[in-house]
Each structure stands twice: as C-alpha cells, then as structure tokens.
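Written below as structure tokens is the structure these notes are about.
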2 protein chains.
Amino acid sequence: MRWEELDREPCSLARTLSVVGDRWTLLVLRECFLRIRRFEEFEQRLGIARHVLADRLKKLTEAGVLAKVAYQERPRREEYRLTEKGLALYPALLALLDWGDKYMAGPEGPPLLRRHKTCGHVVHAASVCSECGEPLDARAMTVEPGPGAPANFSIPQRPSKSAVDK
Amino acid sequence: MRWEELDREPCSLARTLSVVGDRWTLLVLRECFLRIRRFEEFEQRLGIARHVLADRLKKLTEAGVLAKVAYQERPRREEYRLTEKGLALYPALLALLDWGDKYMAGPEGPPLLRRHKTCGHVVHAASVCSECGEPLDARAMTVEPGPGAPANFSIPQRPSKSAVDK
DNA sequence: AAGAATGGGTTCCGAAATAGAACTTGTCAA
DNA sequence: TTGACAAGTTCTATTTCGGAACCCATTCTT
C-alpha cells in the first residue's frame with residue numbers, strides 16, 4: 001500500500017494517517033499548537049530540511065488543516081494557521097502527548113505542562129465515553145460495521161484474552 | 001533530526017513519535033486493537049512488506065508496547081500481544097480515528113463503529129479536562145515548563161512577531 | 001520416506017523519501 | 001550597490017520502502 005492509497009481505505013484511522021501520519025507532520029502540528037506560524041520559525045525550531053517542511057505545509061494546507069494567511073503585502077509574506085479542522089486534532093495530539101508523559105518521560109517528569117484556563121489547573125486529557133462518561137478502555141469496546149462499511153467487510157471476532165502485563 | 005534522536009527530545013510528543021510515529025506502526029496497532037496477533041495475519045490484512053512488518057514488530061516489542069507470547073510449542077510459534085503500555089495507546093488511536101470519522105468519512109459515514117460494553121451505546125471518545133471534566137479545546141490551554149524541562153527552555157507565549165529562539 | 005505445507009522470518013534490488021547545503025525571488029533599507 | 005530577509009526550490013548522497021524470492025525448522029500427506 002502506498003501513501004496515495006491510504007485515504008481511500010475503509011478505515012478512519014488510515015484516512016487520518018493519510019493526512020497526519022508521518023513524523024514531521026505531527027511535529028509541525030505540535031508547533032502550530034504552540035502558536036508557531038512562519039516558515040523560518042518551523043525550520044529553526046524543528047531542524048527540518050526546508051523542502052520537507054515546504055512539502056508538509058503544502059499538504060496540510062491542501063488538506064484544510066492549515067490555512068495560509070498573509071501577514072504583510074509587498075513583499076507578500078504568508079503564515080500558516082490552524083483551521084477549525086486543524087484545531088480539532090488537539091485531542092489526538094494531547095492523547096499521544098499524555099502517553100509520552102506517562103511512559104516516555106525521564107525520572108524528572110514531563111518537560112512541558114498544560115494549564116486549563118477554564119479551571120486553572122495543570123491538566124491532562126482524559127478520554128471518556130461520549131455516552132456514559134466513563135473512562136474508555138480498549139477491553140470494554142466491541143466493533144461493528146458502520147454505514148460506510150464496504151459490502152464484504154470482515155471484522156475479526158476472536159476470543160479476547162487479557163493482555164500481558166509488562 | 002533523525003529517528004534515533006527523537007526519543008531524547010525534551011517533548012513527550014516527540015518521544016511518543018519515536019515509538020509510534022510512523023504510518024505502518026499505527027496501522028499495526030490498529031490491527032492489534034482488533035485482536036490481530038500473528039505475523040501472517042498482519043501481513044495479509046495490511047499488505048505491508050514482510051521485512052518492514054518484522055522491523056515494526058521488533059521495535060514495538062523492544063519498546064514494551066507488544067509482547068511476544070508463545071501460543072504453541074513444537075513447532076514453537078509466537079504471537080504479538082498488546083501490553084498494558086500498548087493498551088494505554090487506545091485513547092490516542094481513538095482520538096485520531098474520531099477525527100477521521102468526522103473529517104475524512106465519505107457521505108455514507110464511518111466504516112466502523114465502536115460499542116461500549118459498559119453502557120451498550122455506540123460511542124466516540126470525548127477528550128475532557130482531567131480536573132474539571134469540561135471538553136478540552138486548544139484555545140483554552142496554556143503551556144508552562146514542567147519538572148523535566150531543560151534549563152533554557154523557550155516557550156512561545158504570544159502570537160509570533162519576530163523569531164523566537166528555541 | 002519424499003514432498004508439500006506452515007509460520008515466521010531474512011535477503012536482494014530498484015524506487016521513493018530524507019538530510020543537508022546551495023541557490024532563487026521579490027522587496028526594502030543603508 | 002550591496003546586503004538582509006522571508007519563503008521557498010534545486011541539487012546530491014544516504015536511508016528507507018515495496019515487492020519478490022529465498023530460508024528453515026517442524027509437521028502433515030501420500
């Protein structure tokens with residue numbers, strides 16, 4: 001499977017990855033959420049090759065995740081801003097980040113904290129069920145075909161045993 | 001920046017990406033959460049090159065996300081199972097998936113639905129503040145250095161005017 | 001006993017993506 | 001006239017990937 005085919009897979013994760021499924025793209029988005037907006041800033045902060053950065057910004061813009069906004073004319077200069085579609089990726093970024101805080105931080109703890117303006121606390125993201133509000137656990141979920149499922153969609157239904165504890 | 005350097009970045013997102021930050025790895029994990037466990041099954045369902053699959057399974061195992069478990073002796077056969085650390089990635093996968101359901105699904109709707117055994121409803125993940133329980137929004141968050149922050153850690157606070165050093 | 005099948009890989013090659021550096025373009029200021 | 005700045009584009013060398021073939025220990029089929 002190639003990158004170009006990914007967005008046609010009958011899987012929302014695959015389709016998401018066709019937009020943000022590479023290392024640099026996610027790091028560019030991290031910077032966007034830190035309010036970084038300009039080409040040179042991305043380049044300096046990330047240490048990314050310029051043409052790779054140009055490519056990722058172009059793709060994210062085409063995907064509607066970022067929008068180019070002129071911040072001056074003559075010479076025309078443009079910066080990249082998150083759209084609503086881009087801002088909607090925040091929970092995903094935060095979930096990855098929280099996992100890193102928990103499993104990849106050194107003994108000192110995480111390098112960056114987030115404070116919720118609304119309640120004033122240092123927070124992390126909690127992933128809860130949209131219906132009952134309970135924290136979500138992979139073992140409490142089953143899957144079934146949705147309206148966009150192809151005709152012969154196979155969903156493996158195997159006996160599920162608990163995972164091995166590390 | 002190379003892959004090998006990513007896990008030493010002072011950023012939990014970068015460190016997470018050093019483990020799961022590539023397309024195939026996330027798709028392998030998708031299959032794991034669908035209870036796929038064996039080499040041949042991963043290969044057939046994903047259409048991934050075998051040596052790439054072998055490499056990703058090895059790296060995920062070394063990272064403690066998967067564990068190799070023998071399911072028969074003579075001949076010895078092993079399968080890959082999510083550890084607790086791996087299961088903890090579920091909210092992140094689900095957040096990416098929900099974004100895809102919302103922004104990348106065709107007019108028919110998403111191909112796969114998830115049902116919460118606990119409450120019986122078809123659900124999606126909601127990302128809420130761990131302290132006040134309100135839904136999280138990127139614009140309601142500020143960042144500040146955490147205990148693991150390096151000495152001269154620069155955090156851009158305002159919309160960028162001039163270059164912000166790293 | 002010979003040959004095929006099974007599961008889980010490894011090896012090889014050409015194609016594609018990446019890193020790093022140099023070059024381009026439009027504009028203004030010294 | 002030269003230089004600086006921002007935002008790219010182009011070049012080459014290296015790395016990774018896709019696809020196919022091959023390997024190997026064991027068990028099944030005939």
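Computed over heavy atoms, backbone and side chain alike; hydrogens, waters and symmetry mates excluded. As the structure is a computational prediction, the values presented were derived from the model and not from experiment. Here is how names work: the chains are called A, B, and so on, in the same order as the sequence lines, proteins then strands, and each is numbered from 1.
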**OP:** Please state whether the phosphate of D/dG8, meaning OP1 or OP2, lies under 4.0 angstrom from any side-chain nitrogen or oxygen of A/Tyr80.
**Re:** yes

Original post:
Can you check the B/Gln72 CD to D/dT27 C1' distance for me, whole Å?
Top reply: 10 Å

Original post:
Just wondering, do B/Pro135 and B/Ser127 contact through their side chains at under 4.5 Å, heavy atoms?
Top reply: no

Original post:
For the pair made of CD in A/Glu78 and C1' in C/dT27, what is the distance, rounded to whole Å?
Top reply: 15 Å

Original post:
Taking the six-membered ring of B/Phe42, is the NZ or CZ of B/Arg56 close enough (under 6.0 Å from the centre) and on axis enough (within 45°)?
Top reply: no

Original post:
B/Leu66 CG to C/dG8 C1': how many Å, rounded?
Top reply: 15 Å

Original post:
Salt bridge between B/Glu40 and B/Arg50, side-chain N to carboxylate O under 4.0 Å?
Top reply: yes

Original post:
Does a side-chain heavy-atom distance below 4.5 Å link A/Ser154 with B/Arg45?
Top reply: yes

**OP:** Before accepting this row, confirm whether a basic side-chain N of the pair A/Lys102/A/Asp98 lies closer than 4.0 Å to the acidic partner's carboxylate O.
**Re:** no

Original post:
Between A/Glu73 (CD) and D/dA6 (P), how many Å, whole number?
Top reply: 17 Å

**OP:** Could you check B/Lys68 against A/Trp24 and say which one's nearest nucleotide on DNA chain C is further toward the 5' end?
**Re:** B/Lys68

**OP:** Check the hydrophobic clustering (I, L, V, M, F, W, Y; side-chain heavy atoms under 4.5 Å; chains of links allowed) and say if A/Leu89 and B/Val128 are grouped together.
**Re:** no

**OP:** Kindly assign one of parallel, tilted or perpendicular to the pair B/Phe33 and B/Tyr90, based on the angle between their ring planes and the thresholds 30° and 60°.
**Re:** tilted

**OP:** Could you tell me the separation between the CZ atom of B/Phe39 and the C1' atom of D/dA25, rounded to a whole number of Å?
**Re:** 16 Å

Subject >> Touch class at under 4.0 angstrom, heavy-atom based, for A/Arg74 against every strand present >> reply: sugar-phosphate

**OP:** Looking only at side-chain atoms of A/Pro75, point me to the closest of C/dG26, D/dG8, D/dA6.
**Re:** C/dG26

Subject >> Atom pair distance, as rounded to whole Å: CZ in B/Arg23 and P in D/dC17 >> reply: 9 Å

Original post:
Tell me, which of residues 42-58 of chain B have any heavy atom that sits under 4.0 Å from an atom in DNA chain C?
Top reply: B/Arg50, B/His51, B/Ala54

Original post:
Which nucleotide in the list C/dG26, D/dG8, C/dA19 gets nearest to the side chain of A/Arg77?
Top reply: C/dG26

**OP:** Could you tell me the separation between the OH atom of A/Tyr71 and the P atom of D/dA6, rounded to a whole number of Å?
**Re:** 7 Å

Original post:
Between C/dT18, C/dG7, D/dT27, which nucleotide gets closest to the side-chain atoms of A/Asp22?
Top reply: C/dT18

